[in-house]
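Notes for the one structure printed next.
Please read all numbers here as calculations on a predicted model, not as lab measurements.
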Amino acid sequence: METPGLVVHGEAAPFSTALRSLLNNPQYSDVCFVVGQERQEVFAHRCLLACRCNFFQRLLGPKLGPGMPSPVVLSSVPADAFLAVLEFLYANSVRLHRHSVLEVLTAAVEYGLEELRELCLEFVVKVLDVELVCEALQVGVAGPACRWASAWKAALHPSFCSQVAVTFGLGPLQERCIAFIETHTQAVLERPVAEVAAPVVRELRLALLAPAELSALEEQNQREPLIPVEQIVEAWKCHALRRGDAARGTPCRRRRGTLPREHHCFLDLPFK
């Protein structure tokens, strides 16, 4: 009976270096990408990309005929981020930079590269600061948390312009960013979080929440006070009285453009 063979391993570093030398190297390449708004040409090797990433396997498909196929245009990803993705695919390691890591993270999510996604998240958590935390939170979530981050950053940097939020469901990143904001708001602005958030909180129209949502919010607020109790009481009063005089204040009215919900009909109030 034949004895099973033993798998032995050569040194990893020379192998990685050799593969890294093929990165964006036209020699032996059989696919060309035109990347980013600058339309930068990036050369790659179809078989390597296809075996490392399902996204590229589907994108490139079987090779059709001899010679170099037409360039593949990927205008939405910046060249630096795309080259970082290729570096990871070629060498299974990547050099990340603070100024571009979120673009690499976005590409990793889009291309389904879970390991690269995790590496980017670890890097972001290590280098979080006032500038990066708001950008990271906007990549990770959309909605109230994103607007909170934008408002918080605007208070520190009035020239800040909010970017469009892209929802990727990056829960751990969202949690770390919010924790960073909560920890550093008082230190940076020399004011408590509740005080900084007060102008925004005053504009919340809590009566437009469903009773179950309002109850959950009240419970959360008891653990982490952020909303004045009087504001929550006023919301309950709107629900209780419905058309009563006490329910005619602005906090109980829908803003124009508010999507109607079933319980809003009980308020029966005009838009404002």
To the nearest 0.5 Å, what is the distance between [atom1] ([X]) and [atom2] ([Y])?
{"X": "L59", "Y": "L49", "atom1": "CG", "atom2": "CG", "answer": "9.5 Å"}
{"X": "S76", "Y": "E103", "atom1": "OG", "atom2": "CD", "answer": "11.0 Å"}
{"X": "F123", "Y": "L116", "atom1": "CZ", "atom2": "CG", "answer": "12.0 Å"}
{"X": "L206", "Y": "E234", "atom1": "CG", "atom2": "CD", "answer": "10.0 Å"}
{"X": "L22", "Y": "T17", "atom1": "CG", "atom2": "OG1", "answer": "11.5 Å"}
{"X": "L96", "Y": "K126", "atom1": "CG", "atom2": "NZ", "answer": "10.0 Å"}

(request) Return the set of residues passing salt bridge (Lys or Arg N to Asp or Glu O under 4.0 Å) with R20 (not counting sequence neighbours), or none when no residue passes. (result)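 For R20 the salt bridge (Lys or Arg N to Asp or Glu O under 4.0 Å) partners, ignoring immediate neighbours, are E87.
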(request) For residues L89 and C53, report the shortest heavy-atom separation together with the two atoms involved. (result)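 Heavy atoms only, the tightest pair is CD2-CB, 4.2 Å.
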(request) Might you point out which heavy atoms bring A107 and V85 nearest each other, and give the distance in Å? (result) CB-CG2, 3.8 Å
(message) If hydrophobic residues (ILVMFWY) are linked whenever their side-chain heavy atoms come closer than 4.5 Å, directly or via other members, who joins V73 in its cluster?
(response)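 Via sub-4.5 Å side-chain contacts, V73 links to V34.
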Mind checking whether [X] and [Y] have side chains closer than 4.5 Å, heavy atoms only?
{"X": "V94", "Y": "V104", "result": "no"}
{"X": "L48", "Y": "L19", "result": "yes"}
{"X": "V72", "Y": "C32", "result": "no"}
{"X": "Y111", "Y": "V77", "result": "yes"}
{"X": "E218", "Y": "I227", "result": "no"}
{"X": "V31", "Y": "H45", "result": "no"}
{"X": "L83", "Y": "Q40", "result": "yes"}

(request) May I ask whether L214 and L226 are part of the same hydrophobic cluster, defined by side-chain heavy atoms of I, L, V, M, F, W, Y residues being less than 4.5 angstrom apart, directly or through others? (result)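 Yes: a chain of side-chain contacts under 4.5 Å links L214 to L226.
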(request) Is it possible for you to say whether L86 and F15 belong to one hydrophobic cluster, with membership spreading through side-chain heavy-atom contacts below 4.5 Å? (result)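 Same cluster: L86 reaches F15 through Ile, Leu, Val, Met, Phe, Trp or Tyr contacts under 4.5 Å.
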(message) Applying salt bridge (charged side-chain N to carboxylate O under 4.0 Å, His left out) as the test, list every pair that has at least one member in residues 6-15; sequence neighbours left out.
(response) none
(request) Tell me, please, whether F88 has R95 positioned over its six-membered ring: NZ or CZ under 6.0 Å from the ring centre and within 45 degrees of its axis? (result)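 Verdict for F88: no cation-pi partner in R95.
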(message) Show, in sequence, the C-alpha distance, side-chain angles and deciding distance for N92 and E115, and conclude whether the side-chain contact (heavy atoms from CB on, under 4.5 Å) test is met.
(response) CA-CA 9 Å; N92 208 40; E115 188 176 0; 4.0 Å; yes
(request) Could you walk me through whether V233 and Q231 pass the side-chain contact (heavy atoms from CB on, under 4.5 Å) test, one step at a time? (result) CA-CA 5 Å; V233 170; Q231 197 168 340; over 6 Å; no
Under a 3.5 Å distance rule, please check whether [X] uses its side chain to pair with a backbone N or O of [Y] as donor and acceptor.
{"X": "S215", "Y": "P211", "answer": "no"}
{"X": "N25", "Y": "F43", "answer": "no"}
{"X": "E213", "Y": "A210", "answer": "yes"}
{"X": "S16", "Y": "A12", "answer": "no"}

(message) T106 vs V109, test: side-chain contact (heavy atoms from CB on, under 4.5 Å). Steps then yes/no.
(response) CA-CA 5 Å; T106 301; V109 172; over 6 Å; no
(message) Strictly below 4.0 Å, N to O, side chains only: are E219 and R223 in salt-bridge contact?
(response)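 Looking at R223 together with E219, the answer is yes, because their closest N to O distance falls below 4.0 Å.
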